[in-house]
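Some notes on the structure that comes next.
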Amino acid sequence: MIDFRYHLVSIISVFLALAVGIVLGAGPLQANLGNQLSDQVAALRTEKQSLNEKLTTSEKIVDASDEYATAVQQRVVKARLSGHRAVVVVLPSADGTMTTNLEGVVTQSGSALTGTVTLSPDWFDPSQSADRVQAAKEAASALGIDTSASGDVLLVQVLTDLTVSTGNTGSSPQRSAALKVLVDAGLVDSSVADLAPADLAIVVSADYAGTESAVTARSDAVRALVTSFAGSTRATVVAGGETVAAAGQPVTSNAVQAVREKSETAEIVATVDHARAGDGPAIVVLAIENVLDERVGHYGVATGATATVPRVLP
């Protein structure tokens, strides 16, 4: 049995230790700890101020670079795509400013802009599959397409024939009627009522997110679309900006990544992953020019890039 005196000694020891701690904390150690904390706070404040100054400087440099790129863009791209016709195909939720800038650089390059076609979310929505099947049939019939294809495969063929195919793609009234079917079905929006076939395609990328299976299905659909374009154009380029991970979603991807992650598409479709930057539109034109020179490249800083910028041809 433990003696009461043992407990008494233990209690006294605890109180002595506490008293010593209070005395030291209030006396010799107080100044030392206070000085250390003050020094650390001051150092952190100085470091924060330095980082803010560096960030401000970096932002000014980037802004200046963008202004310079915009100023010289027309001279860089002038006449590089003369004699060609380009169509801009915009994927759902793509950046509107980037799209406008790409439309502008097309005309600066000497190429004719046949139109801009914007795909709606329904184009990729699994729940709208039945409506897409019906629209594809009606549009193919209006266009006079004789094929055994059906469903989304037929829909991609119709859009390809309307935008970039240089083969027998129907008369102007047929093309207008087919395009109207897709517009009325809520699958696309077009800047013109009658799309003349182009020989260059610029696909404007956008982020998409969800489960791994949903993102994989979307990437497969994107690859099917750009592969079809590449088979009917002299050059197809997918242009996008940096990817921003979607909050609460396990996987985020975009059309640029979709092209790059499969060799079958990476070998025939060029990509630019920083087309939103000031020099982005000019890089897209240079990327197209390189494809016309049989050099398919992937430009930027994201995964799969083969160079930061394309080779500038004479």
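Atom set for the values below is all heavy atoms of this structure, side chains included, hydrogens, waters and symmetry mates excluded.
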From CA spacing to verdict: side-chain hydrogen bond (donor to acceptor under 3.5 Å, both in side chains), S213, T216: CA-CA 5 Å; S213 59; T216 298; over 6 Å; no
Result for side-chain contact (heavy atoms from CB on, under 4.5 Å) between V204 and one of L91, L102, V284 points to L102
Any side-chain donor-acceptor pair under 3.5 Å between T160 and S232? no
Salt-bridge present (R132, D122; N to O < 4.0 Å): no
Distance alone, cut at 3.5 Å: any donor-acceptor contact between the side chains of S263 and E267? no
Side chain to side chain donor-acceptor pair (under 3.5 Å), paired with R260, selected from D273, T306, T265: D273
Can you give the donor-acceptor pairs under 3.5 Å from side chains of residues 237-252 to other protein atoms, not counting sequence neighbours?
residue	atom	partner	partner atom	Å
E242	OE1	R276	NH1	3.3
E242	OE2	R276	NH1	3.3
T243	OG1	N254	ND2	2.4
T252	OG1	A246	N	3.0

Donor on one side chain, acceptor on other, T116 and E103, under 3.5 Å: yes
Heavy-atom check, side chain of D161 versus side chain of V158, under 4.5 Å: no
Distance only, no hydrogens: is a donor on one side chain within 3.5 Å (strictly under) of an acceptor on the other, for H298 and T271? yes
Between the side chains of Y208 and S93, is a donor N or O closer than 3.5 angstrom to an acceptor N or O? no
Salt-bridge contact E289-R295 (side-chain N to carboxylate O under 4.0 Å): no
Whether the R80 and S109 side chains hold a donor-acceptor pair (N or O, under 3.5 Å, no angle test) is what I'd like checked. no
